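Have a look at the structure below, then the notes.
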Amino acid sequence: MKVEEAVIIRIKDLCFSNQITPNMLAYTSAISPSTLKNILYGKSSNVGVITIAKICDGLNITLQDFFSDDIFSDLEQIIQ
C-alpha cells in the first residue's frame with residue numbers, strides 16, 4: 001500500500017470512529033472542505049505534514065496517534 005492510500009484510509013476511519021463527516025472534520029480542522037475532499041479522493045498526492053497536523057487538531061489527537069495505526073506498518077518503499 002502507498003502512503004497516500006494509508007493516509008486516506010486513516011482519515012476515513014477516524015471520521016467513522018468519531019462519528020463526524022468529512023465536512024465537519026474540515027471545519028474543526030480549519031481547512032477548506034475542498035482540500036479535504038481532494039485528499040480523500042486521491043487528487044492531492046502530496047499531503048503535507050501541516051495539513052495532517054491540522055486534521056489531528058480537529059480530531060483532538062496527536063500526530064503520533066495518527067501514525068501509530070497498523071496501517072502504516074507495511075507501506076511500499078517510496079524510493080526504489
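Here the structure is a predicted model, which means the values were calculated and not measured.
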Note: Phe72 and Phe66 closest approach over all heavy atoms is CE1-O, 3.4 Å
Next on the checklist: More than 12 heavy atoms of other residues, nucleotides or ligands under 6.0 Å from CE of Met24: yes or no?
Outcome noted: no
Applying a strict under-4.5 Å side-chain criterion to I, L, V, M, F, W and Y, I'd like to know whether Ile39 and Phe16 cluster together.
no
Here the gap from Ser29 atom OG to Ile11 atom CD1, rounded to the nearest 0.5 Å, amounts to 8.5 Å
Residue set satisfying side-chain hydrogen bond (donor to acceptor under 3.5 Å, both in side chains) with Ser44, at least two apart, ordered chain then number -> none
Which donor-acceptor pairs under 3.5 Å do the side chains of residues 50-60 make with protein atoms, sequence neighbours left out?
none

By side-chain hydrogen bond (donor to acceptor under 3.5 Å, both in side chains), Ser68 pairs with (sequence neighbours left out) none
Taken in chain and number order and not counting sequence neighbours, the residues that satisfy side-chain hydrogen bond (donor to acceptor under 3.5 Å, both in side chains) with Thr28 are none
Across all chains, not counting sequence neighbours, the ring-ring contact (aromatic ring centres under 6.0 Å, His included) partners of Tyr27 are none
| request: Evaluate the criterion side-chain contact (heavy atoms from CB on, under 4.5 Å) for residue pair Asn18 and Leu25; output intermediate values, then yes/no. | output: CA-CA 10 Å; Asn18 286 283; Leu25 177 58; over 6 Å; no
Shortest non-hydrogen pair, Glu5 vs Lys2, comes out as OE1-N, 2.9 Å
In this structure, NZ of Lys12 is separated from CG of Leu40 (nearest 0.5 Å) by 6.0 Å
Q) When you look at Ile8 and Val47, which way does the side-chain contact (heavy atoms from CB on, under 4.5 Å) test go after all the steps? A) CA-CA 10 Å; Ile8 292 167; Val47 182; over 6 Å; no
Are Val49 and Leu36 connected in the hydrophobic side-chain network, where two residues link if heavy atoms are under 4.5 Å apart?
yes
Across all chains, not counting sequence neighbours, the side-chain hydrogen bond (donor to acceptor under 3.5 Å, both in side chains) partners of Asp69 are Arg10
